[in-house]
Amino acid sequence: GTYGTLTIGADGSYTYTADQAAADALDAGGVPTWTTAAGNLGTIPDDLVGNHFTLAATDPDSQIVTFSMDTANTTILTNAGLALNGTTGVISGDPTNISGSVTYNFDVIATDSTGVNSTTRSFSITVSNFFAGATGGTVTSYISGGVNYKVHTFTSTGTFDAGSGG
């Protein structure tokens with residue numbers, strides 16, 4: 001690349017003027033290191049709204065690390081009802097309402113403040129219906145005030161098992 005200008009005079013003298021911006025863009029620094037383990041971050045119930053997980057990475061040159069995803073991976077989290085905060089690494093949101101359990105797999109890129117050094121790591125999050133194991137009666141699900149409800153209606157004698165949620 002071009003990092004400055006060399007000017008040679010008729011008498012053989014010369015001057016070199018460095019392009020400071022180009023020199024600053026050169027980075028011999030290291031790649032960020034993930035402190036969040038790859039793999040499944042955990043399971044969240046589909047009725048839990050808020051901050052769910054925080055991704056973390058450090059930079060060997062003490063630069064600020066930001067987090068990003070390409071369009072395909074952003075879509076995966078969006079479909080789960082979640083979003084990644086690029087500054088804090090927090091994954092938050094209102095998980096998509098589901099009837100069972102769904103695992104969402106996605107990749108996140110950690111980049112240092114130069115934008116030159118980055119590393120990608122694969123994660124997954126499982127979203128599970130709070131009462132996925134509940135059985136008995138006629139089941140109706142509905143949402144009221146942003147809260148998911150599952151109603152088990154018995155028209156005669158029956159047994160209700162609340163599953164893991166009860």
Side-chain angles (χ1 to χ4, degrees), residues 1-130 132 141 143-148 164-165:
T2 302
Y3 301 103
T5 304
L6 177 63
T7 305
I8 301 174
D11 63 355
S13 64
Y14 64 90
T15 58
Y16 181 79
T17 306
D19 180 343
Q20 191 61 48
D24 289 343
L26 293 174
D27 181 37
V31 173
T33 302
W34 284 99
T35 54
T36 303
N40 194 290
L41 296 171
T43 299
I44 52 176
D46 65 356
D47 65 342
L48 183 62
V49 178
N51 295 340
H52 303 292
F53 304 101
T54 302
L55 304 180
T58 59
D59 184 75
D61 309 312
S62 300
Q63 295 182 31
I64 295 171
V65 176
T66 57
F67 305 93
S68 63
M69 295 184 296
D70 63 21
T71 302
N73 285 285
T74 299
T75 299
I76 291 169
L77 270 192
T78 301
N79 288 341
L82 304 172
L84 171 67
N85 181 311
T87 303
T88 64
V90 170
I91 297 174
S92 63
D94 180 4
T96 302
N97 296 325
I98 56 171
S99 60
S101 179
V102 176
T103 299
Y104 298 91
N105 300 297
F106 56 95
D107 296 332
V108 177
I109 305 162
T111 305
D112 68 12
S113 58
T114 67
V116 174
N117 299 305
S118 64
T119 183
T120 302
R121 182 157 278 188
S122 297
F123 300 101
S124 64
I125 294 173
T126 302
V127 176
S128 180
N129 183 287
F130 186 70
S141 298
I143 300 171
S144 177
V147 178
N148 301 317
S164 62

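This structure is a prediction, so every number in the text was calculated from the model and none was measured.
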In short, ring-ring contact (aromatic ring centres under 6.0 Å, His included) pairs touching residues 43-68 with sequence neighbours left out are Trp34-Phe67
**OP:** Return yes if a side-chain donor-acceptor contact under 3.5 Å exists between Thr103 and Thr126, otherwise no.
**Re:** yes
Checklist line | Exam field: side chain Thr111 to backbone Ser118, donor-acceptor pair closer than 3.5 Å | finding: no
Sidechain-backbone polar pair: Asp46 side chain, Ile98 backbone, donor-acceptor under 3.5 Å: yes
Partners of [X] by side chain to side chain donor-acceptor pair (under 3.5 Å), sequence neighbours excluded?
X	result
Asn85	Thr88
Thr17	none
Ser122	Asp107
Ser124	Asn40

Point-to-point distance, once rounded to the nearest 0.5 Å, from [atom1] of [X] to [atom2] of [Y]:
X	Y	atom1	atom2	result
Asn97	Asp47	CG	CG	8.5 Å
Ser128	Leu48	OG	CG	12.0 Å
Ile125	Ile91	CD1	CD1	4.0 Å
Asn105	Ile76	CG	CD1	7.0 Å
Thr96	Asn129	OG1	CG	12.5 Å
Asp59	Thr119	CG	OG1	11.5 Å

For the residue pair [X] and [Y], what are the closest heavy atoms and their distance?
X	Y	value
Arg121	Ala37	NH1-CA, 3.8 Å
Ser92	Asn51	CB-OD1, 3.2 Å
Leu82	Pro95	CD2-CG, 4.2 Å

Which of Asp70, Ile109, Asn73 passes side chain to side chain contact (heavy atoms under 4.5 Å, CB included) with Thr120? It is Ile109
_For a 4.5 angstrom cut-off between non-hydrogen side-chain atoms, does Met69 reach Val108?_
yes
Any non-hydrogen side-chain atom of Thr114 less than 4.5 Å from a side-chain atom of Asp61? no
Phe106 meets the ring pair (Phe, Tyr, Trp, His ring centres under 6.0 Å) criterion, sequence neighbours left out, with none
Applying ring pair (Phe, Tyr, Trp, His ring centres under 6.0 Å) to Tyr104 and not counting sequence neighbours gives none
Ala56 meets the side chain to side chain contact (heavy atoms under 4.5 Å, CB included) criterion, sequence neighbours left out, with Thr35, Thr36
Applying side chain to side chain contact (heavy atoms under 4.5 Å, CB included) to Thr75 and not counting sequence neighbours gives Thr71, Asn79
(message) I'd like to know whether OH of Tyr14 has more than 12 heavy-atom contacts from other residues, nucleotides or ligands below 6.0 angstrom.
(response) no
